[in-house]
Amino acid sequence: AGVYVLYLLESYASGTRRYLANAASLWDVKTYLRHLCETKPGVTWNVRCFHYEKGRSGVMRKVITSRSSRDYEFESWKDDTIA
């Protein structure tokens, strides 16, 4: 009986049990993938203009002179990755 209790305690504390407890069902996976395929993609362009200047100590440092960020607007999209 003591060995059985130890087995149950080890099984409960095992990494495999914790990993499998987070496993998703096939239905959940299919629903998630369908949602990904139907969702509009998003791309954000980030631009930084810069140059390097030598400081008084002689060390080069990057100086950013301007920044810009803009979302790319998709007119249409089609996901063919899942047949």
Side-chain angles (χ1 to χ4, degrees):
V3 173
Y4 181 69
V5 170
L6 289 175
Y7 172 76
L8 289 177
L9 288 173
E10 194 282 326
S11 297
Y12 181 76
S14 74
T16 303
R17 187 202 57 82
R18 288 192 300 270
Y19 175 78
L20 291 175
N22 291 323
S25 69
L26 181 60
W27 185 84
D28 289 338
V29 171
K30 286 183 177 183
T31 301
Y32 178 71
L33 290 175
R34 187 176 317 109
H35 172 72
L36 284 179
C37 291
E38 294 170 353
T39 301
K40 182 179 181 178
V43 174
T44 301
W45 297 98
N46 295 299
V47 177
R48 292 185 299 176
C49 298
F50 62 92
H51 63 275
Y52 289 97
E53 291 181 354
K54 187 181 288 190
R56 291 183 184 167
S57 63
V59 177
M60 298 294 284
R61 67 183 187 104
K62 182 192 282 188
V63 178
I64 298 173
T65 53
S66 65
R67 302 171 193 251
S68 184
S69 178
R70 182 167 298 165
D71 292 331
Y72 180 80
E73 294 295 329
F74 289 89
E75 292 180 15
S76 65
W77 68 94
K78 181 179 179 183
D79 188 339
D80 288 332
T81 56
I82 299 176

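- Under the 4.5 Å side-chain heavy-atom criterion for ILVMFWY residues, no single connected hydrophobic cluster contains both Trp45 and Phe50.
- Taking a 6.0 Å sphere around CH2 of Trp77, one finds it holds more than 12 heavy atoms contributed by other residues, nucleotides or ligands.
- Listed by chain and residue number, Arg61 satisfy the salt bridge (charged side-chain N to carboxylate O under 4.0 Å, His left out) test with Glu53 (two or more places apart in sequence, or in another chain).
- If you chain together ILVMFWY residues whose side-chain heavy atoms come under 4.5 Å of each other, Val47 ends up in a group of its own.
- Rounded to the nearest 0.5 angstrom, Leu33 CG and His35 NE2 are separated by 11.0 Å.
- Residue Met60 comes nearest to Tyr52 through the heavy atom pair CE-CB, 3.6 Å, listed as atom of the first residue, atom of the second, then distance.
- Placement of Val3 and Leu9 in two distinct hydrophobic clusters is found when ILVMFWY residues are connected by side-chain heavy-atom separations under 4.5 Å, directly or transitively.
- The environment of OH in Tyr7 is sparse: at most 12 heavy-atom neighbours from other residues, nucleotides or ligands sit within 6.0 Å.
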Listed pairs under 3.5 Å, donor-acceptor, residues 62-69 side chains, sequence neighbours left out:
residue: Thr65; atom: OG1; partner: Cys49; partner atom: O; Å: 3.2
residue: Ser69; atom: OG; partner: Asn46; partner atom: OD1; Å: 3.0

